[in-house]
**Student:** 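Pasting a structure here, questions to come.
Quick note: numbers below take in every heavy atom, side chains included, and nothing from hydrogens, waters or symmetry partners. Numbered from 1 within each chain, the chains take letters A, B, ... in sequence-line order.
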Amino acid sequence: MSPSPQTPWTLPEPAVLESLRAALLHWYDDAGRVLPWRKEQDPYRIWISEIMLQQTQVKTVLSYYDRWLQAFPTLETLAQADLQQVLKLWEGLGYYSRARNLHRAAQQVMAEHQGIFPQQLEQVLSLPGIGRTTAGGILSAAFNQPISILDGNVKRIFARLTTLPKPPGKAQKQLWQLSDAMVDRENPRDFNQALMDLGATICTPRAPKCDRCPWMSHCLAYQTRTPTYWPMRETPPVRPHKTIGVAVIWNHQGQLLIDRRLDKGLLGGLWEFPGGKLEPGETLPECIKREIQEELAIDIEVGDHLITIDHAYTHFRVTLNVYNCRYCSGTPQAIECQEIRWVTLEELDQFPFPKANLKIIQALRDRGVPQLGG
DNA sequence: GATTCGTGGTA
DNA sequence: TTACCAAGAAT
């Protein structure tokens, strides 16, 4: 059960803070990770890494980071790039607003700062996609400025260190206060990086390696033998499930129809196969025929089932029921999307698709062009 | 201040 | 299979 704190939550004493700083920096010299962006001094490259690393593990980011810098080696090349090319490079990484914001922010830096990445906190925070943690990460890593951070790693470390008596989401003020008090004024660059390494390699969510932790002797969670109890969890919201009918619509030239989603919201700016939510009392073919009429204003004949895909997003789940369909009549209208195109199977990989749709494309490649009756 | 944003790994 | 969570920000 819940180990309740024996005393009210307080900041560690200054002498303790200094001891913690020294121990962490010493540990980092010996055990810090070697990462490609750590040898960079170009703020643009550090910025790219910080955005990619939002809610995303280092292992996932590495290959994306390399490919991105090949395509957009400088801030100016990014600013001048086509958004579709930007999204294509981001394909599969998730949270696509990050890519759209990077593109917009690069253009903002060109317009407002003559292409020079700003060094003032206020100016950095005014760029889209950069909040307090990312700003601190960039300014400490690129310019060695003593600005604190508070990412998932740091929250977990601090929650254990102090046995924080409430979930991090409800203790933002204390956690920032602690991070501010903690950051090393002499070497904020290494200190912030060390903090994240400690969380990623020692103070891990499951099975933390307390016996190798430089903060063991000051950690209240360790002393009470409750490291994995912390941080306290919020009660997770229930995630609804949606059943979706999806159409792969073929025309008489052997092309298929794809649409580009609106720039705002889920999967914004990405391409997809059209479809929509199954209504009560409706069959999947009925759903698909209706949705295509409503969204694209064309008449189709729903054919055979192609594939069923279960996919979990952060706050809901979907089952995509995909059917091959035959175009019948009407001119496609972009009613609930921003663009529509007829493309061949070979052309599909030029367009950025969400992960679940890539599985549809793979199924199409495996199976080839269907023989649709009619 | 609570929701809305992806995807992959792991137990 | 399900649940949790990872270098968070915007609305």
**Student:** Looking only at side-chain N and O atoms, does A/R38 offer a donor or acceptor that is under 3.5 Å from a partner on A/Q193?
**Tutor:**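 Looking only at side-chain atoms, A/R38 and A/Q193 do form a donor-acceptor pair, the distance falling under 3.5 Å.
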**Student:** Which listed nucleotide (C/dG8, C/dC4, C/dC5) is nearest to the side chain of A/P236?
**Tutor:**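 Within the option list, the nearest is C/dC4.
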**Student:** Kindly indicate, with the supporting measurements, whether the criterion ring-ring contact (aromatic ring centres under 6.0 Å, His included) is fulfilled by A/W215 and A/W27.
**Tutor:** CA-CA 10 Å; A/W215 286 3; A/W27 170 84; 9.3 Å; no
**Student:** Which part of the nucleic acid does A/W90 contact within heavy-atom distance under 4.0 Å: base, sugar-phosphate only, or nothing?
**Tutor:**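 The answer is nothing, as A/W90 stays clear of every strand by at least 4.0 Å.
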**Student:** Which ones in residues 45-55 of chain A lie close to DNA chain C, meaning a heavy atom under 4.0 Å from one of its atoms?
**Tutor:**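 The stretch gives A/E50, A/L53, A/Q54, A/Q55 as the residues lying under 4.0 Å from the strand, ordered by number.
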**Student:** Using a cut-off of less than 4.0 Å, is there contact between a side-chain N or O of A/Y95 and OP1 or OP2 of B/dT4?
**Tutor:**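 Checking B/dT4 against A/Y95, no side-chain N or O comes under 4.0 Å of OP1 or OP2.
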**Student:** At a heavy-atom distance below 4.0 Å, what parts of residues 119-126 of chain A sit against DNA chain B?
**Tutor:**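 None - not one residue of the stretch has a heavy atom sitting under 4.0 Å from the strand.
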**Student:** Report which part of the nucleic acid A/R156 touches: base, sugar-phosphate, or nothing (heavy-atom distance under 4.0 Å, all strands).
**Tutor:**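 If one applies the 4.0 Å heavy-atom cut-off, A/R156 turns out to touch the sugar-phosphate alone, with no base involved.
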**Student:** When you measure from the side chain of A/T133, which nucleotide among C/dG8, C/dA7, B/dT7 comes out closest?
**Tutor:**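 Shortest atom-to-atom distance from the side chain points to C/dG8.
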**Student:** Can you tell me how far C1' in C/dA7 sits from the matching atom in B/dA11, rounded to whole Å?
**Tutor:**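 Those two atoms are separated by 23 Å.
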**Student:** Between A/R98 and A/T56, is there a side-chain donor-acceptor contact under 3.5 Å, judged purely by atom types and distance?
**Tutor:**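 Judged by distance alone, the side chains do pair up.
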**Student:** Classify A/L35 by what it touches in the nucleic acid, base, sugar-phosphate, or nothing, heavy-atom distance under 4.0 Å.
**Tutor:**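 It contacts base atoms.
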**Student:** Figure out the CZ/P separation between A/R104 and C/dA10, and round it to whole Å.
**Tutor:**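 Checked: the CZ to P distance equals 9 Å.
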**Student:** A/W9: what forms a ring pair (Phe, Tyr, Trp, His ring centres under 6.0 Å) with it, not counting sequence neighbours?
**Tutor:**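 Residues passing ring pair (Phe, Tyr, Trp, His ring centres under 6.0 Å) with A/W9: none at all.
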**Student:** More 5' along DNA chain C: A/P231 or A/G152, using each one's nearest nucleotide?
**Tutor:**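 Its nearest nucleotide lies further toward 5', so the answer is A/P231.
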**Student:** Answer yes if the side chains of A/N192 and A/R189 hold a donor-acceptor pair under 3.5 Å, and no otherwise.
**Tutor:**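 The answer is no; no qualifying pair exists.
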**Student:** Is it the case that A/D151 and A/T133 place a side-chain donor and acceptor less than 3.5 Å from each other?
**Tutor:**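 On atom types as modelled, these side chains do not qualify, holding no pair under 3.5 Å.
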**Student:** Rounded to the Å, how far apart are A/N101 CG and B/dC5 P?
**Tutor:**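 Result: 14 Å.
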**Student:** Which part of the nucleic acid, if any, lies within contact of A/I149, taking any heavy atom under 4.0 Å across all strands shown: a base, the sugar-phosphate backbone alone, or nothing?
**Tutor:**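 If one applies the 4.0 Å heavy-atom cut-off, A/I149 turns out to touch nothing in the nucleic acid.
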**Student:** Nearest to the side chain of A/T314, which nucleotide is it out of B/dT7, C/dA3, C/dA7?
**Tutor:**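 Between B/dT7, C/dA3, C/dA7, the one nearest the side chain of A/T314 would be B/dT7.
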**Student:** Between the side chains of A/Q362 and A/D366, is a donor N or O closer than 3.5 angstrom to an acceptor N or O?
**Tutor:**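 There is such a pair (donor and acceptor under 3.5 Å, judged by atom type) between the side chains of A/Q362 and A/D366.
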**Student:** Hey, are A/N187 and A/D190 close enough side-chain-wise for a donor-acceptor pair under 3.5 Å?
**Tutor:**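 Yes, because at least one side-chain N or O of A/D190 sits under 3.5 Å from a partner of the opposite role on A/N187.
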**Student:** Would you indicate whether the side-chain heavy atoms of A/P274 and A/L296 approach each other to under 4.5 Å?
**Tutor:**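 Yes, at least one pair of side-chain atoms sits under 4.5 Å.
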**Student:** Ignoring hydrogens and angles, does a donor from either the side chain of A/R98 or the base of C/dA10 sit under 3.5 Å from an acceptor on the other?
**Tutor:**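 No, the side chain and the base share no sub-3.5 Å donor-acceptor pair.
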**Student:** Which is true for A/G137 with a 4.0 Å heavy-atom rule: it touches a base, it touches only sugar-phosphate, or it touches nothing?
**Tutor:**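 Answer is nothing: A/G137 stays at 4.0 Å or more from every strand.
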**Student:** Report the residue from A/Y65, A/Y64, A/W68 that forms a ring-ring contact (aromatic ring centres under 6.0 Å, His included) with A/W90.
**Tutor:**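 Per the ring-ring contact (aromatic ring centres under 6.0 Å, His included) rule, the option paired with A/W90 is A/W68, out of A/Y65, A/Y64, A/W68.
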**Student:** Assuming nearest nucleotide by heavy-atom distance, tell me which of A/A356 and A/K170 is located more 5' along DNA chain B.
**Tutor:**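 Closer to the 5' end of DNA chain B: A/K170.
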**Student:** With A/R260, which residues qualify under salt bridge (charged side-chain N to carboxylate O under 4.0 Å, His left out), at least two apart?
**Tutor:**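 A/E339.
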**Student:** Considering heavy-atom distances to DNA chain B, does A/P237 or A/F353 have its closest nucleotide positioned more toward the 5' end?
**Tutor:**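 Counting from the 5' end, the first nearest nucleotide belongs to A/P237.
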**Student:** For DNA chain B, which residues of residues 257-277 of chain A approach it to below 4.0 angstrom with any heavy atom?
**Tutor:**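 Residues of residues 257-277 of chain A that come under 4.0 Å of DNA chain B are, in numerical order, A/G265, A/L266, A/L267.
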**Student:** Scan A/R317 against the nucleic acid and name what it touches under 4.0 Å (heavy atoms): base, sugar-phosphate only, or nothing.
**Tutor:**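 Sugar-phosphate, backbone atoms only, no base.
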**Student:** Find every protein N or O atom lying less than 3.5 Å from an N or O atom of nucleotides 8-11 of chain B, and list the pairs.
**Tutor:**
from  : atom 1 : to     : atom 2 : distance (Å)
B/dG8 : OP1    : A/K355 : NZ     : 2.9

**Student:** Under a 3.5 Å threshold, yes or no: a donor from one side chain and an acceptor from the other, between A/W250 and A/N324?
**Tutor:**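 The answer is yes; a qualifying pair exists.
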**Student:** Check whether A/W176 forms a cation-pi arrangement with A/R132 (NZ or CZ under 6.0 Å from the six-membered ring centre, at most 45° off the ring normal).
**Tutor:**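 Yes; both conditions hold, so A/R132 lies above the ring face of A/W176.
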**Student:** Less than 3.5 Å apart, any donor N or O on the side chain of A/E50 or A/Q54 sitting next to an acceptor on the other?
**Tutor:**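 The answer is no; no qualifying pair exists.
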**Student:** For a 4.5 angstrom cut-off between non-hydrogen side-chain atoms, does A/H315 reach A/P240?
**Tutor:**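 A/H315 vs A/P240: side chains apart.
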